[in-house]
Number of protein chains: 2
Amino acid sequence: MMQESDRSPPSETTPHSHADPPRRASVGAAALARAAGLFRAAGDPSRLRLLELLLQGELCVSEISELTSDDLSTISQRLRVLRTEHLVIRRREGKHVFYALADGHVADLLRAVLAHASEPATTHPDGD
Amino acid sequence: MMQESDRSPPSETTPHSHADPPRRASVGAAALARAAGLFRAAGDPSRLRLLELLLQGELCVSEISELTSDDLSTISQRLRVLRTEHLVIRRREGKHVFYALADGHVADLLRAVLAHASEPATTHPDGD
DNA sequence: CGAACAGTTGTAGAGTTGTTCAAGTGTTAG
DNA sequence: CTAACACTTGAACAACTCTACAACTGTTCG
């Protein structure tokens, strides 16, 4: 094997400044930051757990606190992060505040990723 | 709209220890941790940018470094995080190492979230 | 009104993360 | 074998994050 390049690797020695293909960003920097924020909000096990709970329906802070055995204020803080990234919405009913997933997109996203993560370990015979 | 409470809010004073509905976790703790890891890996603007670039095709580290004007080792570190969470895969070809999205699920997930984040701001007239 | 309940928010400290520089590994060419 | 290139990894440090306690706001009840 000698002509390893039939897919156009970077030139030879200095692959730069003379012909960049149309590899522009498909989304703006702001959208990218919002998306990253969303991912980061979901990227904590305890917060993800809350989202998972809400996947099954609306809950108020004290109910969640009961279910997870965590401090009320801890739950509130976690929900705040999720709310900041628009992953959940809030609704007040008397003394209680009920939280729910923001919309169907969020629910779909969660279901997809949780399913993916629950899949068997996919033992690659060759990969790492 | 008056009898707002037909959805069973938490009891009255102390909603606990006597009748918890089937609100068990749908996924195990390990799956939850994997999912959170995945989200966290994608939850950084610079790493998400890399994923976005890879959405358009395989790239080697130096190409990415060129495109983003970041240090080669910085790119490598970022890719390592993505690889640890199985978001990207690696392939060696001579002196170059090419990275690509791990699979279609990842590509779909990215497209979905980036599209969601690019949507108009959804000005809620009543929400917060 | 004031007490009690439900949540939120300020804050501090432990822990985690991201970047960079330096040094190391793997691959090809001479 | 040596040099050069392409990347990876180790270490250090600033920046950020998560939790829990305390103090505060909002709501209902008597």
Side-chain angles (χ1 to χ4, degrees), chain A residues 1-5 9-16 33 36-50 58-85 88-100 128, chain B residues 4-5 9-16 33 36-51 58-85 88-100 128:
Chain A
M1 74 250 301
M2 39 285 326
Q3 68 273 324
E4 80 294 66
S5 14
S11 307
E12 299 294 75
T13 47
T14 43
H16 61 282
L38 183 156
F39 275 126
R40 187 158 21 148
D44 176 83
S46 22
R47 279 191 306 256
L48 188 54
R49 177 89 200 292
L50 294 195
E58 206 181 35
L59 286 171
C60 73
V61 184
S62 29
E63 283 174 313
I64 298 176
S65 177
E66 273 296 314
L67 288 168
T68 66
S69 309
D70 281 308
D71 205 83
L72 200 72
S73 94
T74 300
I75 299 296
S76 189
Q77 294 270 33
R78 288 175 187 160
L79 287 167
R80 189 167 67 78
V81 173
L82 295 176
R83 205 163 79 90
T84 298
E85 296 302 333
V88 301
I89 53 176
R90 219 179 7 174
R91 177 176 73 81
R92 183 149 212 150
E93 188 178 309
K95 286 191 283 193
H96 295 278
V97 176
F98 287 90
Y99 281 83
D128 65 280
Chain B
E4 75 291 74
S5 0
S11 305
E12 298 295 75
T13 49
T14 43
H16 61 284
L38 183 157
F39 276 125
R40 181 152 13 116
D44 176 83
S46 22
R47 281 191 305 257
L48 188 54
R49 178 89 201 293
L50 293 195
L51 291 173
E58 206 180 33
L59 287 171
C60 72
V61 184
S62 30
E63 283 174 313
I64 298 176
S65 177
E66 272 295 313
L67 288 168
T68 67
S69 310
D70 280 310
D71 206 82
L72 200 72
S73 95
T74 300
I75 299 297
S76 188
Q77 295 270 31
R78 288 177 189 159
L79 287 167
R80 189 166 67 78
V81 173
L82 296 176
R83 206 162 78 90
T84 297
E85 297 302 333
V88 301
I89 52 175
R90 222 185 354 182
R91 177 177 73 82
R92 185 148 212 152
E93 187 178 310
K95 286 191 284 193
H96 295 278
V97 175
F98 287 89
Y99 281 83
D128 64 283

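Order of the sequence lines sets the chain letters (A, B, ...), proteins ahead of strands, with each chain counted from 1.
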Does A/Ser65 reach the main-chain N or O of A/Val61 with its side chain, forming a donor-acceptor pair under 3.5 Å? no
Please confirm whether the shortest side-chain N or O distance from B/Arg90 to OP1 or OP2 of D/dC7 is below 4.0 Å. no
Atom CG of A/Leu72 to atom P of D/dA23: distance rounded to whole Å? 17 Å
If you compare every side-chain N and O of B/Arg83 against the phosphate oxygens of D/dT8 (OP1, OP2), does one of them come in below 4.0 Å? no
Under a 3.5 Å distance rule, please check whether A/Thr84 uses its side chain to pair with a backbone N or O of A/Arg80 as donor and acceptor. yes
Atom-pair distance (CG on A/Leu48; C1' on D/dT17), nearest Å: 17 Å
With a 4.0 Å cut-off, would you call A/Asp44 and A/Arg78 a salt bridge? no
Does a side-chain N or O from A/Arg47 land closer than 4.0 Å to OP1 or OP2 of D/dT17, or not? no
Under-4.0 Å side-chain N/O to phosphate OP1/OP2 contact, A/Tyr99 with C/dA6: no
Side chain of A/Gln77, heavy atoms from C-beta onward: which of C/dT11, C/dG7, D/dC7 has the nearest atom to it? C/dT11
Respond yes when some side-chain nitrogen or oxygen of A/Ser62 is under 4.0 Å from OP1 or OP2 of C/dC5, and no when none is. no
Between atom CG in B/Asp71 and atom P in C/dG18, what is the gap in whole Å? 16 Å
Measure NZ/A/Lys95 against C1'/C/dA6 and give the value in whole Å, please. 7 Å
Counting heavy atoms from C-beta on, name the nucleotide in D/dC7, D/dT8, C/dT19 closest to the side chain of B/Thr74. C/dT19
What is the distance from CZ of A/Phe98 to P of C/dA6, rounded to the nearest Å? 11 Å
Just to be sure I understand the rule, does B/Ser73 reach a base, reach only the sugar-phosphate, or reach nothing, if contact means heavy atoms closer than 4.0 Å? base
Picking from D/dT8, C/dG7, D/dA20, the nucleotide nearest the side-chain atoms of B/Val61 would be D/dT8
Taken to the nearest whole Å, CD/B/Glu63 to C1'/D/dC7 is 14 Å
Would you say A/Arg40 places a side-chain N or O within less than 4.0 Å of OP1 or OP2 belonging to C/dT17? no
Phosphate OP1/OP2 of D/dC7 contacted by B/Arg92 side-chain N/O (<4.0 Å): no
Do you know which two heavy atoms are closest between B/Ala41 and B/Arg47, and how far apart they sit? O-NE, 2.8 Å
Students often get this wrong, so: under 4.0 angstrom with heavy atoms, is A/Asp70 touching a base, only sugar-phosphate, or nothing? nothing
Residue B/Arg80, side-chain heavy atoms: nucleotide from D/dT19, D/dT9, C/dA6 that is nearest: D/dT9
Taken to the nearest 0.5 Å, the spacing of A/Leu82 CG from A/Leu38 CG works out to 9.5 Å
Please determine, for the side chain of B/Ser76, which listed nucleotide (D/dC5, C/dT9, D/dT9) has the closest atom? D/dT9
